[in-house]
Amino acid sequence: MNNLHGYTIDDKYIFEENSSLISLKLDRSQYIELSKTASRLFGEIISLNLKKGIATRDELLTNVWEEYGLVGSNNNLNTYISEIRKKLEQIGIDPKSIVTVPKKGFRLDSHISIHENEIIDKDLDKQETEIKFGPTPVNKQKIITVQNHQVKSSQINKKPIKLILLAISTLTVCYLAYLFIYNLTPKANATSSYLTLSARENCVIQTPLGMIGKVSNENISFIQARLDKYNISCNEPKRIILLSNLNRTYSFDKNFSLSICKEMNNKYDCVSINDQRI
């Protein structure tokens with residue numbers, strides 16, 4: 001038998017700091033829950049009031065915050081006092097039962113007592129029930145002791161569980177193998193959907209296949225001029241991609257229609273020519 005201490009408030013409510021719950025004494029299903037800090041604070045207020053009739057602010061800041069490696073303040077203290085009062089009101093306790101004593105601390109105007117919550121340890125594995133039978137043909141009374149084996153009822157056949165674990169392991173191995181093979185498989189060239197229009201040293205000027213027929217020599221000249229204007233070097237391999245027809249009647253910045261792509265780790269990292277300038 002284990003005894004867990006809580007507190008009874010006005011013989012109607014029970015506060016358990018371990019669970020942070022305040023419940024009705026006659027109906028434990030009716031309860032409210034405090035935050036961990038508020039529960040610790042309420043427990044300290046009760047404990048100190050039981051010892052000396054008041055909980056000072058310094059004691060509360062030390063016991064609730066500093067001893068837990070936290071930094072407490074009067075603002076924090078007032079905030080959690082407000083939370084406790086609101087929760088007390090929700091369960092039916094007068095929030096004014098926590099009385100503020102100016103320049104000192106807090107006093108409780110409720111009747112507080114230690115609550116003994118008895119928990120009976122029911123070990124069904126060791127529980128024995130004696131069943132007595134009537135007289136036997138030989139006029140002897142047999143007493144049969146039947147043990148209720150809770151362990152047996154809780155021991156589900158472990159074979160299905162082992163099969164499930166084996167299946168999960170197999171699927172995991174197959175998936176990892178698939179990822180390994182997938183990464184080794186050569187991928188389609190990312191540039192295969194582009195058509196090369198022109199070249200400039202190590203730069204190639206390309207456009208999506210969908211743009212074929214829309215690109216004019218004027219567009220190529222515009223690209224060359226932009227490369228010169230913004231000092232785009234072609235000493236290293238780059239792809240200059242034309243993303244739309246650079247018609248002079250367009251109102252948007254034509255620079256956004258040009259993408260500069262640098263090769264990095266067999267992949268191309270592309271930015272607009274505006275970003276390239278930055």
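Along the sequence shown, residues carry numbers from 1.
The closest side-chain heavy-atom distance from Arg200 to Asp228 is below 4.5 Å. In this structure the side chain of Ser20 never reaches within 4.5 angstrom of the side chain of Phe42, judged on heavy atoms. Proximity of Phe106 to Val101: side-chain heavy atoms (C-beta onward) are nowhere separated by under 4.5 Å. Within the 4.5 Å cutoff, no side-chain heavy atoms of Ile22 are placed close to those of Tyr31. Residues Phe15 and Leu34 are in side-chain contact: their nearest non-hydrogen atoms beyond the backbone lie under 4.5 Å apart. Annotation: side chain of Gln224 is in contact with side chain of Ile205 (closest heavy-atom distance under 4.5 Å). Between Ile14 and Ile9 there is no side-chain heavy-atom pair separated by less than 4.5 Å. Annotation: side chain of Val64 is not in contact with side chain of Leu77 (no heavy-atom distance under 4.5 Å).
The two residues Tyr13 and Gly92 make their nearest non-hydrogen contact at OH-O, 3.2 Å. Heavy-atom minimum distance, Glu33 versus Ser19: OE2-O, 4.3 Å. Smallest separation of non-hydrogen atoms from Asn49 and Arg107: OD1-CA, 3.4 Å. Residues Leu60 and Trp65 come closest through the heavy atom pair O-CE3, 3.8 Å. Minimum interatomic distance between Ser233 and Cys203 (heavy atoms only, all atoms of both residues): O-SG, 4.1 Å. Taking all atoms of both residues into account, the shortest heavy-atom contact from Ser198 to Ile220 is CB-CG2, 4.3 Å.
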(request) Could you please spell out the steps behind the side chain to side chain contact (heavy atoms under 4.5 Å, CB included) verdict for Asn74 and Arg57? (result) CA-CA 8 Å; Asn74 280 316; Arg57 286 179 174 269; 3.1 Å; yes
(message) For Asn76 and Val71: C-alpha separation, side-chain torsions, deciding distance, then whether side chain to side chain contact (heavy atoms under 4.5 Å, CB included) applies.
(response) CA-CA 9 Å; Asn76 289 342; Val71 178; over 6 Å; no
(request) Start with the C-alpha gap between Leu21 and Ile32, add the side-chain angles, then the distance that decides, and say whether side chain to side chain contact (heavy atoms under 4.5 Å, CB included) holds. (result) CA-CA 6 Å; Leu21 299 181; Ile32 55 96; over 6 Å; no
(request) List the steps and the verdict of side chain to side chain contact (heavy atoms under 4.5 Å, CB included) for Thr56 and Lys104. (result) CA-CA 5 Å; Thr56 66; Lys104 290 187 177 181; 5.5 Å; no
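With hydrophobic clusters built from ILVMFWY side chains whose heavy atoms lie under 4.5 angstrom apart, Leu50 shares a cluster with Ile98. Phe222 and Leu227 fall within the same hydrophobic cluster, where Ile, Leu, Val, Met, Phe, Trp and Tyr residues are linked whenever their side-chain heavy atoms come under 4.5 Å apart, directly or through other members. Cluster membership for Ile112 and Ile91, using ILVMFWY side-chain heavy atoms within less than 4.5 angstrom, is shared. Leu163 and Val173 fall into different hydrophobic clusters, where Ile, Leu, Val, Met, Phe, Trp and Tyr side chains are chained together by heavy-atom contacts under 4.5 Å. Under the 4.5 Å side-chain heavy-atom criterion for grouping Ile, Leu, Val, Met, Phe, Trp and Tyr, Leu88 is connected to Leu24 within one hydrophobic cluster.
Around atom CG of Leu176, more than 12 heavy atoms belonging to other residues, nucleotides or ligands sit under 6.0 Å away.
Screening residues 169-180 for side chain to side chain donor-acceptor pair (under 3.5 Å), with sequence neighbours left out, gives no hits.
Salt-bridge formation is not detected for the pair Glu59/Lys51: no Lys NZ or Arg NE/NH1/NH2 atom is positioned less than 4.0 Å from an Asp or Glu carboxylate oxygen. With respect to Glu16 and Arg28, a salt bridge is recorded, a charged nitrogen being found less than 4.0 Å from a carboxylate O.
Atom-to-atom distance recorded for Thr37:OG1 and Glu83:CD is 8.0 Å, nearest 0.5 angstrom. The structure places CZ of Arg40 at 9.0 Å from OG of Ser35, a figure rounded to the nearest 0.5 Å. One distance of note links CD of Glu66 with CG of Leu61; it measures 6.5 Å at 0.5 Å rounding. To the nearest 0.5 Å, atoms OG1 (Thr100) and CG (Asn78) are separated by 7.5 Å. Between Lys12 atom NZ and His111 atom NE2 the span is 12.5 Å, to the nearest 0.5 Å. The OG atom of Ser47 sits 10.0 Å away from the NZ atom of Lys52 when rounded to the nearest 0.5 Å.
Looking only at distances, a side-chain donor or acceptor of Asp94 sits under 3.5 Å from a matching main-chain atom of Lys96. Side chain of Ser39 to backbone of Glu17: a donor-acceptor contact under 3.5 angstrom is found.
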